[in-house]
Structure formats: structure tokens, C-alpha cells
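All chains are named by letter (A, B, ...) in the order of the sequence lines, taking the proteins before the strands, and each is independently numbered beginning at 1. Quick caveat: nothing in here was measured; it's all calculated off a predicted structure.
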Amino acid sequence: MPFIADVIVDVPAMQTDQPFSYAIPESLTELIEIGMRVEVPFGNGNRHIQGFIVGLTELDIMPNDLKPIINVLDLHPVLNEELLELADEMKETTYSFKITCLQTMLPSVMRSSYKKYVTLLDNNLPEKITDELFLGLGEIEWDIAKESPHFSELLELRRDGKVDIRYEVTTKNKVKTKRVIKKALENSELLLEKEKTRKNATQKHRLLDFLMEIDESEFSIKELLETHDITRPTINEGHKSGWLTIEEREVYRNPYAHHQFKKDTPLKLNEEQQLALDKMKVSMDQEKSDVFLLEGVTGSGKTEVYLQAIAHVLEKNQTAIMLVPEISLTPQTVTRFKKRFGDDVAVLHSGLSQGEKYDEWRKIERKEARVVVGARSAIFAPLENIGLIVIDEEHEGSYKQDETPRYHAKDLAIWRGKYHHCPVLLGSATPSLEARARAQKKVYQLLTLTERAVSKAMLPQIDIIDMKEEMKQSLTTTFSSTLLEKLKSGIAKKEQSVLMLNRRGYSSFVMCRDCGYVLPCPNCDISLTLHMDTKQMKCHYCGHEERIPYRCPVCDGDKIRYYGTGTQKVEEELKELLPEARVIRMDVDTTRRKGSHEKLLAQFGNQEADILLGTQMIAKGLDFPNVTLVGVLNADTALNLPDFRSSEKTFQLLTQVSGRAGRGEKAGEVIIQTFNPEHYAIELAKAQDYEAFYQQEMRLRHQGNYPPFYFTAQLVVSHEEEHLAAKKMYEIVAFLKKYLSEGAILLGPTPKSVARINKRYYYQTVIKYKNEPNLSNGLKIILEESQKEIRNGLRITIDMEPQHFI
DNA sequence: AGCACGCCGACT
DNA sequence: GTCGGCGTGCTC
């Protein structure tokens, strides 16, 4: 009975976002399985593209209008049943194409690239074709032919059947191999060979001696060349003489090959940690898909709880995923896992090359690693029998992908938890309001760690410096006198300092340097953004606009200025003010090169510098016991972004970075410089009182109808013509209103803060809602209806629960 | 997406 | 009269 295959093809478009049926040729019937990648013909001409098998159906009679599958790209399925189901979930919740979801789940090397060639069929063509166009070759690339002046003649030749067009589907997932030798003769025979060999052929003797020494094991040729002083020709001779065999073996590119990980043992847990672990164990043993929120102050030993919980699932022969924000997936973090679980760990993050990522992925797929540590996309790790999923720094916005498919790793983690009947553990010192509120409502189970784990370590002393006061006395706005004093005395005591320059966000704002006043929107609880293009202050939520003030509306001062600084500038200033200080600067510029992040941190760890100066990337996860001082140069930048999460982000960042101080036995100290010393996010960060912050912020969110009291969805329309983008946005909103209840709140349409990017104009609308059963339908119809206009250059994106509103 | 088909303006 | 412009429709 013939089978037909349902294939999702690599054409990300609405009309092709469905399975297409293909005939399975006889030769492939035994090989083909659901979840494999295939090469299929698609459309007119003879175009070949990649596709995924998502179904196999047995039919009595083969419909005769089906095209056959050309080729199978995998030996084993690359997506199992669970991941295929997860792709459906993603498609539904993120409003994206199935093919995009499927490709997102796999290492990028498995995505096919396409090439089109023109092949010469008739050799008796005029010279200008064979020589000038085909350059004497039998085949050339289509893209090259297209540029040729003879291109139009080529099209004629094609009609006459004198040239053919060939499509190539290539995929870069190459396995790396090494060549190994193995002895082919018994020692007695080798001894005979040795006697036959000339006395002065020292190389050959050495090789024979070596072969007699090794038993049946394999030896890599590379190793032989490097360590046994035997040359390649000698090995080849030995091969020819039949002394040894040479074979190809697959190897993994191991990014940690040169690291030695000394096995460590579980640390003794304190009472709180033990209690948290015990509660988790109950859930793990009863195979419950509970979600836990582990709220633990910085340095309270959350990681140790993760490690021991993971150890518990490994004991039960299950597997585990541990997600870490990209920014804190530092060598320190990786080392900690490698030390505990050794080769059982696979690491997936953006620092790896495509090949390395593929190898780590294959290691997981082949069940050679049971613990996966990685950034957002590691949630797609092809593990089976998952016993626990951990998401560290749960509050981090980077768990949401900010391009299509706009999935949130936390949602997918909870989905996989349900699928595997296993718990999900969310950890943070400063939980997101959403997570903390769910814990309040007992949707998540709350576990708390209130003490630092190292016995003597205390939470650091935090001081706030009012930069408005500071401004009156000194000329520099970067360093307060207090901070400079502390830095100096730190150097004198041979202790280290961390300085953070907060540069979160990129829209500029204006602030009064006398009183710290930032222009708010009269309709929303956020600040206005400066738009230099239109010379106006704008609100991104309601569209309110007003003139740029030249005097402060509150204190009438005229020191109202733009705000913003860079790390380089600070480094220069630091050199002038503290010439004796050795400074390491860490920002996107100094860490772009592979491994430089690691190198800089190692230098700092080896006391090769007194001060580590950096952006947010130094706020997380670093654990240097000799750091006793943390300085935040400008706590305000995040505070003034027109985003309802700006206070939350500021509080989180200040808490995280403060946590870098006093992790060893010496007490830590934190200096926060700000123009808004009385802002609750800053005051409560000083008090290190997350719970108070949570209460306060919840009140404000409630007043403003923001999450976690409301859900949010963002619609963005863009077009090269501003009025077309605006017009469409208004049409969509008018249409969508029919699908919304009275309770839904619409913010907009408004132009986006960066109104024009790449010559395109962006308009947005934010929907705040509680319960809108028809919203999803309405959005789907909008996407479908807008199909025709995509050709005219219109683009529409839907972002459910967006993380950034700028 | 990308390819073919089809219907209107400026060329040998 | 035709070459080629890009609007439209379809892809198993």
C-alpha cells in the first residue's frame, strides 16, 4: 500500500502555511519517518526546497497528481513527536508560520540554503555562449548568468531545451571526523615485520614498536604525529604494508576540550535550601508538573539548589534543562555545571560556532548528555524523559525572543513540563511581577531563601548618592566624591571594585539637572521620549505630544539637558582621576571577539585589575570574593524609559549588581549614584526589600491597568509610506474592536518612538485585556486579510506580551 | 518566496 | 506587430 507524506515546506508565507502531500518513492519507503527533513519539488519550474515530514498516511490508491519526495536529509528524525506538537503550540500562540517554528527549534546549520544552476545540454552553441557566458564550463550559477549581457539569449536556449536549470538544496550540518589507526597484525607478526625492516629505518621501527605496545585500541593519527614523533608518510607506508588499518571516526567539536574540570561534590545546604529542595523532590517523585518560584536573595545559593535538584533527576535516570540568560552564561556558570556533572552536560549558547552548536545538539540527541545548560533556545533541546526544567533569573526579558517566532521560553518550559509530568523551577532574587503574583495566587509554589549561603557573608551596605547635590559641588557628573574616595581606599587595601554604567535603552530623554525632573505624559504613568526628528516630546502609549521644554516646569531651572554617556568616556575620566588604578572595561565592544569575555573575567579574577568597568553584562552571576565595592554610576537611565516595566527593571538591575559585592568573607559596600534618590525603585533597592517593592509596584500596576493585572498584545504595522502605515493601523484597530469586549483597553494607534527604521515607518497599538475569547480569532483574520497588502510593502507583526514597548 | 501567466505601453 | 513591464494566482 502506498504511503503519502505530509510535508511543511520552507516557504514562510500564509498561503503555504499548511502541509503539502507528496508521494514517497519506493526507494525511500523504508527510510522515511515523521520528523525528518526532506528535499521536495515545489511550484513551477523544477524548484527544490527543504521540508519537514509531519505526517505519513497510508492510501489504497495513490493519487496521480502528487510529486515525489526527492531525497531524505536525515538518517533519524530530527524532531520527535513532542517537539512537533510544541511547534503547533508555538504557531498558535505567537501567530507565526509553522515552518519558522520548526526551523527555530533546530541548530541553524540544519537550515538549507538554495542554489540555482544553468547546465549546458548542447555543446554546439555559439562561442559567445560557451566561452563568454559559461566560461568554458558545463554549468554556472544562475545568479552569475543573470548579470551577463547574454542573459536574454539564455532564456531562449532554455525554451529550445539547449540548457537546463538545476536546483540544489544544501545543508551545512557536516560532522567533523578524525582518522584513527588500529593495528592489523598480531604482535608476533609485527615482530617478523620488524626483523625484515632495514635497521636504519628508525621511523618504521618506532611505528612497529608502537603498534606492538598498543592493544586493540584505536589511536588518532593526529596524536601519533604530535606525540610519538612518527611522520605521516611512515604511517601511510605502514598502512600499505598491512601493519595497520586507517578508519574515519566522527568527533564532536568540543568547545571545552582544553578545560580540566575537577569533579566537585554537593555543598551542604542550609535549612532554607534544604526545605526548598525537599519540596521540589516531592513534586519530582510524584511526577507533578508544578511550577516553583524560588525567590532567593543574591548569594543565597540558588544555583546549589538547582544542582542538587538536577542531581536528583539524574539519579532517577531522567534528564534536565537549565536555562540561563545569555548574558550570564559565563564560563563561571558553565564550569560549575561541568564540575558537578562532567560530560553529562551539553552547553548551548550564542558564543559557540554553528558547528559547535550542532555537535552539542547531536550529543543531546544521541543521549550522550542528560543535562542541557543554555540560553533561550535551549528550551528546544531534544531531550527525552525530562525530569526538571530550571529557569534561572526568571525575570530576564531575554527569555522572550524579539523576532518571529516571538516565543517566551518560560511558557514553552511550562508546556514541556506538563508534557513530561515534571516540575519547572523559576529562580530569581527579584522575580518578575507576573511570576511573583502567580505565586501569591498559588498558581506557582513559592520557595524562599533569605540568607546568604557563605556563612559569614552579609548583604552589602548600600548608599545612595544624590547627584543633584553632587552637581552643585563638582564639575564632573560621572563620579561623586564619595565613590572616588571609596575606589581609592579599595585600591589601597588591594580589594577590587566593580563599576556599572547603566546604558539600558536607546531612546533619549531630557531631564532637569537641578531637580531631576523628567517630563511625564499627562495620560500615562511614563515619561515622554524626545523625538529629535520632529523636535517634540512624545508618549508612546497614547500618542500625546508636546514641545521640548527649555526650562524645567517644576523648579524653573534652565539646566534641562539630554542624558547619556558611554563606557569609553568613563574609562578616560577614570584614568585621569585615578591614574594608579588598573581598569578592565567590559562592554559589547571589548567582548565581541570569541573568548574575550572569558579572558577579561579571568584577568579580573587573577587580581590583574583593580576596577571592572562595564555595562549591564557585569551585573549578573559574577562571583569574585575579593570584590568589596560596587558602584552604579547612573541608576536613572532605565527609570526614564517610556515602559511600564522601567521601575521593575531598575530595581532588578540595582539588586543584581549590588549582589556582586561582599560575596566572600569581607563585607561589601554599594554606592548608587542617582538624580532620583527618592524614587521608590531606588529607595527599595537600597533597603534590599524585594517584597516592599513588589507591593508598591503591584499597586501602581493595578492603577495603570498593566500586567500582571492585564495581559498585553502589541500590533505593529510598517510601510515605507508613513500615511499607508498609519491608515492600515487605524483600519486594523477599527476592525479589531468588533472582536473585543468593553473591558479591553486600546493604547494607540501611535507612531513608534523610533518612527522610521530602515526607511520604513512604524505604527503600533497596544491592547490591554483580561479575558478576550475572540481576540485570537480577530488577530488571525487580520493576518489573513492583510495578505494581499504584503505585496505592496506592508508588514504586520503581532507580539503577545511584549517585553519592550519602545 | 519564486515562478508563470496574462494583459497594456514603447520599440524594431 | 512584439518585447517586456509588473499585477495575480498558485504551489502537493
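A sub-4.0 Å separation between OP1 or OP2 of dC3(B) and a side-chain N or O of Y167(A) is present. Remark: K788(A) is not in phosphate contact with dG7(C), judged by side-chain N or O atoms under 4.0 Å from OP1 or OP2.
The residues R111(A) and D10(A) are annotated as not salt-bridged, no charged nitrogen and carboxylate oxygen being separated by less than 4.0 angstrom. A salt bridge does not link D143(A) with K115(A): none of the charged nitrogens is closer than 4.0 Å to a carboxylate oxygen. Between E394(A) and K410(A), at least one side-chain nitrogen of the basic residue sits less than 4.0 Å from a carboxylate oxygen of the acidic one, meeting the salt-bridge criterion.
One interatomic measurement links the two molecules: NZ of K116(A) to P of dA1(B), which rounds to 16 Å at whole-angstrom precision. Remark: C1' of dC12(C) and CD1 of I8(A) are 12 Å apart, rounded to the nearest angstrom. Look at CD1 on I790(A): it is 17 Å from P on dG7(C), rounded to the nearest Å. Here the P atom of nucleotide dC12(C) and the CD1 atom of I69(A) are 13 Å apart, to the nearest Å. Distance CD (E789(A)) to P (dT8(C)): 12 Å, rounded to an integer number of Å. In this structure, CZ of F42(A) is placed 13 Å from P of dA1(B), rounded to the nearest angstrom. The distance from atom CD1 of I49(A) to atom P of dT11(C) is 13 Å, rounded to the nearest whole Å. Rounded to whole Å, the distance from CG on D17(A) to C1' on dA1(B) is 13 Å.
For N44(A), taking side-chain heavy atoms from C-beta onward, the closest of the listed nucleotides dA1(B), dC3(B), dT11(C) is dC3(B). Here the side chain of V11(A) is nearest to one of dA1(B), dC3(B), dT11(C), namely dA1(B).
Within the 4.0 angstrom heavy-atom criterion, only backbone atoms of the sugar-phosphate kind lie near Y22(A); the bases stay farther away. Within 4.0 Å (heavy atoms only), F97(A) reaches no atom of the nucleic acid at all. Among the atoms of the strands shown, none is found under 4.0 Å from any heavy atom of D10(A).
Geometrically, R166(A) engages Y117(A) in a cation-pi contact defined by less than 6.0 Å to the ring centre and at most 45° from the axis.
Here the shortest heavy-atom pairing between V54(A) and K98(A) reads CG1-NZ, 4.4 Å.
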